[in-house]
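For reference, the structure discussed in these notes is given below.
Chain letters run A, B, ... following the sequence lines, proteins first, then strands; residues in each count from 1. Any value given below was found using the heavy atoms of this structure, including those in side chains, with hydrogens, waters and symmetry copies removed.
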2 protein chains.
Amino acid sequence: MTTIRDVSKLAGVSVATVSRLLNQSGYVSKEAEVAIMAAVKKLNYKPNTIARSLAGKKTSAVALMVPDILNPFFPELARAAEDEAAARGYTLVLCNTDNNPDKEKMYIEALINKQIDGIMISSYTISPGQIVALQERSIPIVAIDKPYDGYPILSVTAANREGGKLAIRHLLESGCQKIAHICGPSHVHSAYERALAYEDSCAGMPWYTPSLTAFGGFSVAGGYKAMKEIYRMHQDVDGVFAGNDLMAAGALKAIHELGLSVPDKIKIIGFDGIVMDMVFPELSTVSQQIYTLGKTAMDYLIRQIHDEPIERKNYELEVRLLPKSTT
Amino acid sequence: MTTIRDVSKLAGVSVATVSRLLNQSGYVSKEAEVAIMAAVKKLNYKPNTIARSLAGKKTSAVALMVPDILNPFFPELARAAEDEAAARGYTLVLCNTDNNPDKEKMYIEALINKQIDGIMISSYTISPGQIVALQERSIPIVAIDKPYDGYPILSVTAANREGGKLAIRHLLESGCQKIAHICGPSHVHSAYERALAYEDSCAGMPWYTPSLTAFGGFSVAGGYKAMKEIYRMHQDVDGVFAGNDLMAAGALKAIHELGLSVPDKIKIIGFDGIVMDMVFPELSTVSQQIYTLGKTAMDYLIRQIHDEPIERKNYELEVRLLPKSTT
DNA sequence: ACGTTTTGGGAAAACGTTAGCACACTTGTT
DNA sequence: AACAAGTGTGCTAACGTTTTCCCAAAACGT
């Protein structure tokens, strides 16, 4: 392995000068620069990141903590985060927490020891206090998908409420007379917001009744069950707003089994905009531009790391109605 | 930040002794141990991984290089790899290469500078020479999904050929009289092997003809197009073996559009066994136990890192027929 | 001609570990 | 009694950087 010392020797300068040049800090003469660059090229010198980290206190590594990369929402987020991180010279460490607080603590502990430069975190279970504590240890954090109002925590979320309203309005405009909602876990912020949007929009309607909402747990199987349940009580339902795309797919499966035609007899719309081209008819959805979300969040994280001034507050991304074949 | 020096002072021993105890190397008396452990606990000391890496030449970090985490095959692999890595005290770095040789080189360069302990790689483009070169730089490698016969490269793959045969046999036993194949890119080893299995099994059949094979590029859209193409030439096809689940889903979509009933009129089977519960009817498939694959590969990687004796050769995992609703 | 900046560069102290070496004290063996 | 092996411990040199300090020369203003 060739070190900075080798370069300095070959170039006939001190290691300090080489370091200064490579880090653009301090003054270096043109001659020295030329000699050093030549030496670097000749020796194919690459600075050792570890040593650099130890001396400089920055690792050029950031972590992405997600509940479960198997949930199709997260690969897209990860992809965006990784692209952006790589583009800015950062390395991305992946952590699956399963929303298990113990695992989360373990990972956080480990990441601190690794002197990770920042963490992008999506978690239903982590407390604002924990995040603030991390920040006080001067570890920048960006929270995904859940705002922490009242705390100095930077978060990037989608406009869940507006998206939900968009979905309902779309169903109504498409002629739906009775709309059901399949909701996710209420302790999950986005699920809660979307459910609230449904209630806000529909509570005043003559057909509205609480039993039009069923719990789908954000999963395909849950959406399937919820749809069956809803249909058992309300055969006349003609519109379904599912809190995410997975549940919408499950609902679609159920509807199909029930022999109802989509979108003639019943319309259905999901939320998220994950890639789901394997499902047919293709699901209408409210897209939250997951890639942009991940990219933006990583951008903010890195800007925090670089101490660029940033308001520590929630950044809400626009959502887009994406009507396809189920409405 | 509390350092090993703080601990040694509080415990009244030298740093060397603390290090020895914490690394279980060399002798440490019972009294010293007690004193040190007390100090560690009191100061809440956690060794600094960076310093440890610099001194010890190991980072406890491994990388997973995949073409694209968006392809549903890879999150499952990543999940398994990460689980196993975390369980063994390793951190997982994620790299998306898009099968772009330049990106691959960039990442490899970066990973070397980070002194990554090992790399688990799935790539269609990397050459065995590159891998061997890395190994000669004493970076352990495990290749996924593609064996490198004739090179001292450890790889973990699925029994693609056997799986393909299993799929065909299953279709035949289910009564299929004319089976088509939708294949992936021929330079992708697994796609090639599966296509070969189809040919091996079917070339002798009276109905066999090359136009029963269409190219689906391993994607949903590709599978869809391929199916349409096949049907245009062979309305009497009653069985389809798709080279992966995504193409199978695409084909299913096409079949649905063509108004054929599955599995009565035409049966279809995929390959991979990715989680696809959003598709209905649920796809029959040949499962390659992706989780096991990832876990096994990571296990081998770490065993290589620990210099545990391992044959550098291909490890082929069994596949399983998973008949569901499309056959 | 004389301060004061600006420019350029070297020596050496961190950064927090690990590991090789040396030394000392117990045991056990002949 | 002498010697080897085993046990316990501390010093200190790495590991490869960055980052103070500090010094010297050149450029500049008066």
- Message: At 4.0 Å (heavy atoms only), tell me whether A/Lys30 reaches a base, stays on the sugar-phosphate, or touches nothing.
- Response: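 If one applies the 4.0 Å heavy-atom cut-off, A/Lys30 turns out to touch nothing in the nucleic acid.
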- Query: How is A/Ser29 classified with respect to the nucleic acid when contacts are heavy atoms under 4.0 Å: base, sugar-phosphate, or nothing?
  - Reply: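 The residue A/Ser29 makes sugar-phosphate contact but no base contact.
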[X], nearest nucleotide to its side chain (from [options]):
X	options	value
B/Arg52	C/dT17, D/dT9, D/dG16	C/dT17
B/Met1	D/dT17, C/dA19, C/dG16	C/dG16
A/Ala16	C/dG10, C/dT17, D/dG10	C/dG10
A/Thr17	C/dG16, D/dT17, C/dG9	C/dG9

Rounded to whole Å, how long is the line connecting atom [atom1] of [X] with atom [atom2] of [N]?
X	N	atom1	atom2	value
B/Lys58	D/dC15	NZ	C1'	14 Å
B/Lys46	C/dC15	NZ	C1'	20 Å
A/Leu22	D/dG16	CG	C1'	13 Å
B/Ile50	D/dC15	CD1	C1'	13 Å
B/Ile112	D/dG16	CD1	P	15 Å
B/Leu21	D/dT9	CG	P	10 Å
A/Asn113	C/dC15	CG	C1'	15 Å
A/Ile4	C/dA11	CD1	P	14 Å

A quick test of your reading: do over 12 heavy atoms of other residues, nucleotides or ligands sit less than 6.0 Å from [atom1] of [X]?
X	atom1	answer
B/Met106	CE	yes
B/Lys103	NZ	yes
B/Glu109	CD	yes
B/Tyr151	OH	no

Does [X] make a side-chain N or O approach to OP1 or OP2 of [N] shorter than 4.0 Å?
X	N	result
B/Asn48	C/dT17	no
B/Ser19	C/dT18	yes
A/Tyr27	C/dG8	no
B/Thr3	C/dG16	no

- Item | Most 5' of B/Ala51 and B/Ser14 on DNA chain D, judged by nearest nucleotide |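 Its nearest nucleotide being more 5', the pick is B/Ser14.
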- Toward the 5' end of DNA chain D, by each residue's nearest nucleotide, B/Glu33 or B/Ala55: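 With B/Ala55 and B/Glu33 compared, the 5'-side residue is B/Glu33.
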- Task: With DNA chain C as reference, determine whether B/Leu54 or A/Val13 sits nearer its 5' end, using the nearest nucleotide of each.
- Result: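 Comparing both residues, the 5'-ward one is A/Val13.
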- Item | B/Pro47 or B/Arg20, whichever maps to the more 5' nucleotide of DNA chain C |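 Taking each residue's closest nucleotide, the earlier one in sequence belongs to B/Pro47.
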- Item | Complementary nucleotide for D/dA27 - Watson-Crick or wobble, under 3.5 Å |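 Check on D/dA27: paired to C/dT4, both distances under 3.5 Å.
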- Query: A/Tyr300 vs A/Tyr315 aromatic rings, parallel, tilted or perpendicular, using cut-offs 30° and 60°?
  - Reply: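 Answer is perpendicular, since the angle exceeds 60°.
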- Message: Is it the case that C/dG16 (base atoms only) and B/Arg5 (side chain only) share a donor and an acceptor within less than 3.5 Å, ignoring hydrogens and angles?
- Response: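 Between C/dG16 and B/Arg5, which were checked side chain against base, a qualifying N/O pair under 3.5 Å is absent.
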- If you measure from the Lys or Arg side-chain nitrogens to the Asp or Glu carboxylate oxygens, is any gap between A/Asp299 and A/Lys295 under 4.0 Å?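 No.
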